[in-house]
Amino acid sequence: PGTGFIAQIDNRQGETVVVDVEIARVATGETATVQLELPPRAMGEIGPGNGWAFASGDTLKVSGPGDRYHALTLRVP
């Protein structure tokens with residue numbers, strides 16, 4: 001077991017989706033970008049196993065390829 005929060009991203013479609021996740025820790029200026037390939041109807045995770053232990057105040061921007069998907073920005077409470 002690691003420390004910190006994890007982000008779970010759920011692909012509910014019947015096809016594989018590749019998403020880019022831009023992560024920022026505003027308090028320190030640290031950033032990271034993780035690309036996840038999500039198989040059909042599967043969930044991917046980002047957290048300590050990917051080298052990032054989320055903390056309160058971190059932001060995530062999830063975006064998919066092209067104009068088909070809208071970017072979603074979230075902040076860890």
Side-chain angles (χ1 to χ4, degrees):
T3 60
F5 299 101
I6 62 167
Q8 295 181 322
I9 301 172
D10 189 13
N11 176 13
R12 296 182 180 185
Q13 297 189 59
E15 61 188 48
T16 298
V17 174
V18 177
V19 295
D20 291 320
V21 183
E22 298 173 34
I23 307 163
R25 181 160 295 147
V26 178
T28 63
E30 293 175 82
T31 62
T33 301
V34 177
Q35 189 174 72
L36 290 178
E37 184 173 326
L38 304 169
R41 295 172 196 64
M43 186 178 303
E45 292 185 347
I46 300 172
N50 306 88
W52 191 277
F54 287 99
S56 182
D58 288 356
T59 61
L60 299 85
K61 180 180 177 184
V62 182
S63 57
D67 295 333
R68 185 173 170 194
Y69 303 96
H70 296 283
L72 173 67
T73 302
L74 306 163
R75 187 174 74 68
V76 177

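Starting from 1, each residue takes its place in the sequence as its number. For the numbers below, each heavy atom of this structure counts, side chains included, while hydrogens, waters and symmetry mates do not.
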Report the distance from atom [atom1] of [X] to atom [atom2] of [Y], rounding to the nearest 0.5 Å.
{"X": "I23", "Y": "N50", "atom1": "CD1", "atom2": "CG", "result": "7.5 Å"}
{"X": "R75", "Y": "S56", "atom1": "CZ", "atom2": "OG", "result": "6.0 Å"}
{"X": "E45", "Y": "D10", "atom1": "CD", "atom2": "CG", "result": "11.0 Å"}
{"X": "I46", "Y": "F54", "atom1": "CD1", "atom2": "CZ", "result": "5.5 Å"}
{"X": "Q13", "Y": "R41", "atom1": "CD", "atom2": "CZ", "result": "9.0 Å"}
{"X": "T31", "Y": "R25", "atom1": "OG1", "atom2": "CZ", "result": "11.0 Å"}

Given side chain to side chain contact (heavy atoms under 4.5 Å, CB included), test W52 with D58 step by step and report yes or no.
CA-CA 10 Å; W52 191 277; D58 288 356; 3.1 Å; yes

Search all heavy atoms of L60 against all heavy atoms of A7 and return the closest pair with its distance.
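Of all heavy-atom pairs spanning L60 and A7, the closest is CD2-CB, 3.6 Å.
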
Specify the closest pair of heavy atoms between L38 and M43, including all atoms of both residues, with the distance to one decimal.
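Nearest pair, atom of L38 first, then M43: CD2-C, 4.2 Å.
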
E37 atom CD, neighbour heavy-atom count above 12 within 6.0 Å:
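Not more than 12 within 6.0 Å, no.
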
Is the closest side-chain heavy-atom distance between Q8 and I6 below 4.5 Å?
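Yes, side chains in contact.
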
Salt bridge (charged side-chain N to carboxylate O under 4.0 Å, His left out) partners for E22, two or more places apart
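E22 satisfies salt bridge (charged side-chain N to carboxylate O under 4.0 Å, His left out) with no other residue.
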
My understanding is that only one of V34, N11, V62 makes a side-chain contact (heavy atoms from CB on, under 4.5 Å) with V19; could you say which?
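Exactly one option meets the side-chain contact (heavy atoms from CB on, under 4.5 Å) with V19, and it is V62.
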
